[in-house]
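See below for the structure under consideration.
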Number of protein chains: 2
Amino acid sequence: MALIKPRSRRGGGRPTIADVARKAGVGAITVSRALREPERVSQDLRRQIQAAVDELGYVPDPNARALASARAEVFGVLVPSLTNNVFAEVVRGIYDSLSDSPFRIQLGNTHYSGLEEERLLQVFGSQRPAALIVAGIDQTPTSRKLLENAGCPVVQVMETGPDPVDMLVGFSHFDGGRTATEHLIEAGYRRIGFIGARMDPRSQRRLAGYRAAMEKAGLFDPRLVTTTPVLSSVPLGRELFRDALAKMPTLDGVFCNNDDIALGVLFECRRASIDVPKTIGIVGFNDLDMMQVAFPSITSIRTYRYEIGRRAVAMALAAIAGDRPQQRIVDLGFELMRRESTAR
Amino acid sequence: MALIKPRSRRGGGRPTIADVARKAGVGAITVSRALREPERVSQDLRRQIQAAVDELGYVPDPNARALASARAEVFGVLVPSLTNNVFAEVVRGIYDSLSDSPFRIQLGNTHYSGLEEERLLQVFGSQRPAALIVAGIDQTPTSRKLLENAGCPVVQVMETGPDPVDMLVGFSHFDGGRTATEHLIEAGYRRIGFIGARMDPRSQRRLAGYRAAMEKAGLFDPRLVTTTPVLSSVPLGRELFRDALAKMPTLDGVFCNNDDIALGVLFECRRASIDVPKTIGIVGFNDLDMMQVAFPSITSIRTYRYEIGRRAVAMALAAIAGDRPQQRIVDLGFELMRRESTAR
DNA sequence: CCACGTCATGGTAGCGCTACCATTTTCCCT
DNA sequence: AGGGAAAATGGTAGCGCTACCATGACGTGG
């Protein structure tokens, strides 16, 4: 029989809170407190403990912490795409806002699928996250229930609406679509097409805004609308524009679902020697930075993705701290950036 | 609605493995086994346990699991940027490869900072991840040590080289830069500039490849090189190109650090009525899909970012399963895509 | 001088799960 | 049939940390 118990079966001998406590000559719980609520521990002990921590290179085990406190220092973030620049910007805002907090980030990619979203919410929920940030407001009933029962602050982002699960930061895609279309109409375009890829709920709302504006002006014609469920890309924009033109040769303007599509349209116009903005006017959506540099520069609806990410975190942190913001719904709006592509 | 009600420590709502065990009339450990190694449990019990799990809606607590087994089912992924399409693609490959595994993903953004990388490795390491995937091979000595002592498979991605910490998947940026430059030289360009933003180690290597090709042809001139540490973007490409042209008006070609820069250069050429490819030839790097649609289409070095992510996961999973791949270093190469922007 | 609140600290008992055995059952052999 | 190995199942003891309560040392007011 070995009298000396070999150091723990698992864990590569990393120092634990007990090691720190022993070295500092205090109880383990005091170390725990010194790390989490320093003001509740006397100066002296705090210094001693810090010294022991530094010397041993102690880093708390987040798993043990989460288990003991029934709360993980994790933000769950669910977005429908990782490569779409729009969501990448939101995620970047979230990361930047969280970088000097103790919170880690668990990122999930729903691939625009409600089922996948349910699965991920299930997985994320099982970790007892500190907060959840999810894109959109069109969750399935199951997902919505999971969010309601998550037992943590929930922030829905990228949209606005009357009935969030908890909190909501974004803007109105319907208004954005309408504003873009009205701008084209005011600029004198009449046969204005809508070109949209990846018709997710947000794109649908932009389309609805387009339609409202067109109908109001007595210009709507269903043949002006060209959509596809395929994932958006610049090459796809080119193809959809060709289709639209084949279907409706008298087209004199296009409102694009997003900037990738708009760029594809622009390139095709140049290639086919179609004058922009004289023959065709183009409006994009999101205002990626390349829009202002393109030749001709492209009119677009500027949205504040990065800021949405930052606000979402700020609201979640406030809720965690206990002060529920008075404003549960924040509309960050958008701005129409008028450029050469609609200046005729 | 009190969303943040603290969970009571006892019987805090969610079913535990003990609840399932009781309902199924078996021991807790058997439930644990049925979930993790079904083949070690008899058909009968497996069915009973599954029924109990379904009925109770039991989801294992990953924190408790990680604590007990000293191993979290988490892949730590470190990239220098979230919005850079290149890394977004790698991350997407990683996500897709991991989506039907039990592994979650912990994403970290180093912002191209070695210090931030060290900090994140510290944080990630404290969770005892199942594997680590990090971008690049230029870690600080501290980071490298942290990786070596992580106690899990480590895959460095996006580059190739002789001495990985553990495993490595990527391609040679030096060769890519050289190939791009040689292509311009062969096409008859002589005063070929290098334009580069955010000169991270990979960009430096592309520049070195450019320089090697230029020197070999007797064409190198330091005034042909224009770089900046600023983050890359399309507008920046336009500005850098103007600078380069002001510095060296006889410029007749440019090899760009990446496709964003190349696109900015192209737009500026169009705007300034500089003929591409006759007056100026342009080559990008990465071959984003818009390159082939641009007008004129832009020559670029195609790289396999998504595949790099997938391979990295495959190698890590193999290592976790115990069979270390015989090939620790995988070079996925690149391909020169010749297009209109250099066809003169 | 004592009751009583307040502060600083510590002890104990888990959090939900799995590693490590121990035990029982089954199934071959000879 | 008996013996032994393998398969199936269970019990116990933590993993590293924190919630909860206990303790003792103060100060304060009556």
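Remember, it's a predicted structure, so these values are computed and weren't measured experimentally. Here is how names work: the chains are called A, B, and so on, in the same order as the sequence lines, proteins then strands, and each is numbered from 1.
Legend: salt bridge (Lys or Arg N to Asp or Glu O under 4.0 Å) pairs involving residues 24-33 of chain B, not counting sequence neighbours: none detected.
A donor-acceptor pair shorter than 3.5 Å cannot be found between the side chains of A:Arg144 and A:Thr140. Counting only N and O atoms by type, the side chains of A:Thr83 and B:Glu89 include no donor and acceptor under 3.5 Å apart.
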Check nucleotides 22-26 of chain D for protein N or O atoms closer than 3.5 Å to its own N or O atoms and list the pairs.
none

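Counting to the nearest Å, the C1' atom of C:dG16 and the CG atom of A:Asn63 are 12 Å from each other. The distance from atom CZ of B:Arg65 to atom P of C:dC17 is 8 Å, rounded to the nearest whole Å. Atom CZ of B:Arg22 is separated from atom P of C:dG16 by 12 Å (rounded to the nearest Å). If you take CG of A:Leu67 and P of D:dC17, they are 12 Å apart, rounded to a whole angstrom. Rounded to whole Å, the distance from CD1 on A:Ile17 to P on C:dG10 is 12 Å. Separating the CG atom of A:Asp19 from the P atom of D:dC15 is a distance of 11 Å, rounded to the nearest angstrom.
Comparing the local axis fitted to the first five base pairs of the helix from C:dC1-D:dG30 to C:dT30-D:dA1 with the one fitted to its last five gives a bend of 40°, rounded to 10°.
Here A:Asp54 pairs with nothing under the salt bridge (Lys or Arg N to Asp or Glu O under 4.0 Å) rule; sequence neighbours left out. With sequence neighbours excluded, the residues satisfying side-chain contact (heavy atoms from CB on, under 4.5 Å) with A:Asp61 are A:Arg14, A:Asn63, A:Ala64, B:Leu67, B:Arg128. Remark: A:Asp100 engages no residue in a side-chain contact (heavy atoms from CB on, under 4.5 Å) (not counting sequence neighbours). With sequence neighbours excluded, the residues that form a ring pair (Phe, Tyr, Trp, His ring centres under 6.0 Å) with A:Phe103 are A:Phe75. The salt bridge (Lys or Arg N to Asp or Glu O under 4.0 Å) check on A:Arg305 picks up nothing, with sequence neighbours excluded. Scanning for salt bridge (Lys or Arg N to Asp or Glu O under 4.0 Å) contacts around B:Arg22 gives B:Asp19, with sequence neighbours left out. In this view, B:Glu39 satisfies the salt bridge (Lys or Arg N to Asp or Glu O under 4.0 Å) rule with no residue, not counting sequence neighbours.
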Tabulate below the donor-acceptor pairs under 3.5 Å that side-chain atoms of residues 130-139 of chain B make, not counting sequence neighbours, or state none.
| from | atom 1 | to | atom 2 | distance (Å) |
| --- | --- | --- | --- | --- |
| B:Asp138 | OD1 | B:Arg205 | NH2 | 3.4 |
| B:Asp138 | OD2 | B:Arg205 | NH2 | 2.5 |
| B:Gln139 | OE1 | B:Gln156 | NE2 | 2.9 |
| B:Gln139 | NE2 | B:Gly136 | O | 3.2 |

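Of the residues in residues 23-59 of chain B, B:Ile29, B:Ser32, B:Arg36, B:Tyr58 come within less than 4.0 Å of DNA chain C through at least one heavy atom, sorted by number.
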